[in-house]
Amino acid sequence: MRSSWTPLGPPVSQDRIITSFPKWYTPDACLQLKEHFHSRVSTACQHRNTGTAGLRLSKVVVVGDLYVGKTSLIHRLCKNVFDRDYKATIGVDFEIERFEIAGIPYSLQIWDTAGQEKFKCIASAYYRGAQVIITAFDLTDVQTLEHTRQWLEDVLRENEAGSCFIFLVGTKKDLLSGAACEQAEAEAVHLANEMQAEYWSVSAKTGENVKAFFSRVAALAFEQSVLQDLEKRPSTQSQVGDGDGDLIRIEVPKIPENKRPPGLGCC
Ligand SMILES: Nc1nc2c(ncn2[C@@H]2O[C@H](COP(=O)(O)OP(=O)(O)OP(=O)(O)O)[C@@H](O)[C@H]2O)c(=O)[nH]1
Ligand SMILES: [Mg+2]
């Protein structure tokens, strides 16, 4: 089954179609508790009035110690595969994953970085411009959790404070169960709150929570992109719905035709 609305290229697969706001993993460490898209965003989507948001790629940077499973997580999402053998990432790599959110096409550009110290300087050159930071650690190795603070600091140094969504992701969930899993998750939730991050546990091996997690990432990034786009609408009359059926009309001064910059002329 595929979506029918295809303004840009082929349709996205059914499991990348997001119609309702994806839920958090745990309310104890989540970025937003709300269950619906922002009303202005829903209205803009209904009216196909999302500006350039649907044409944009949101940059997602995945960092964390070597061997925690960053590449495996991305490959599970983008290729639906899992490889038992370890092949260290050298420098960086990226995948583009397309979604359709509330009827609007939207893509994530997911940057996979090397955890090995010797490649850090190559990878860090790609941190800038991140809208989402995913700090990954291995649920079976508490040291990798402790190191996530440093990884986050490194990425934040290259980005504007407060401009990024931060996620803390525990990998290899299939290797833990019962009390050990609860204990590891409790420590991670505690750190996630300190980092102002949202917490998720996933398994690239079984696929558990992988789609749900990236749907959440995509929805939060999309919503933020649309809201930013609505706020900086250019100097023409724009209409912004308040979500309750009414439209707020924003009057913007008209520029005389002979004073318009190139590109603003005809429509
Ligand atoms: N059991 C289990 N093993 C996993 C999981 N995810 C990754 N692995 C294994 O962990 C090892 C490391 O995975 P990678 O994805 O290559 O790790 P990485 O974080 O990309 O490592 P670097 O590229 O060196 O930074 C591999 O042998 C994977 O098969 C998982 O969810 N469960
Ligand atoms: Mg890797």
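Position 1 is the first residue of the sequence; numbering continues from there. Both ligands and their constituent atoms are indexed starting at 1 by order of listing. Computed from a predicted model, the values in this text were never measured in an experiment.
Side-chain atoms of Y106 and T50 form no donor-acceptor pair, as typed in the model, at a separation below 3.5 Å.
Taking the six-membered ring where tryptophan is involved, the planes of Y199 and Y25 are perpendicular, since the angle between them exceeds 60° and thus also 30°.
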Could you go through residues 174-181 and list every donor-acceptor pair under 3.5 Å that involves a side-chain atom there, pairing it with any protein atom two or more places apart or in another chain?
from : atom 1 : to   : atom 2 : distance (Å)
D174 : OD1    : S203 : OG     : 2.7

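The pair E223-K34 meets the salt-bridge criterion, since a charged nitrogen lies less than 4.0 angstrom from a carboxylate oxygen. Salt-bridge annotation for E97 and R16: present, with a side-chain N of the basic residue lying under 4.0 Å from a carboxylate O of the acidic one.
Proximity of T135 to V62: side-chain heavy atoms (C-beta onward) are nowhere separated by under 4.5 Å.
Of all protein N/O/S atoms, those under 2.8 Å from the Mg ion (ligand 2) are T71 OG1, T89 OG1, and waters are not counted.
Screening residues 59-73 for salt bridge (charged side-chain N to carboxylate O under 4.0 Å, His left out), with sequence neighbours left out, gives no hits.
Centroid-to-centroid, the aromatic rings of F213 and F167 come within less than 6.0 Å.
The environment of E194 atom CD is dense: over 12 non-hydrogen atoms of other residues, nucleotides or ligands sit within 6.0 angstrom.
Within 4.0 Å of ligand 1, protein heavy atoms belong to D65, L66, Y67, V68, G69, K70, T71, S72, F82, D83, R84, D85, Y86, A88, T89, A114, G115, K172, D174, L175, S203, A204, K205, listed by chain and number.
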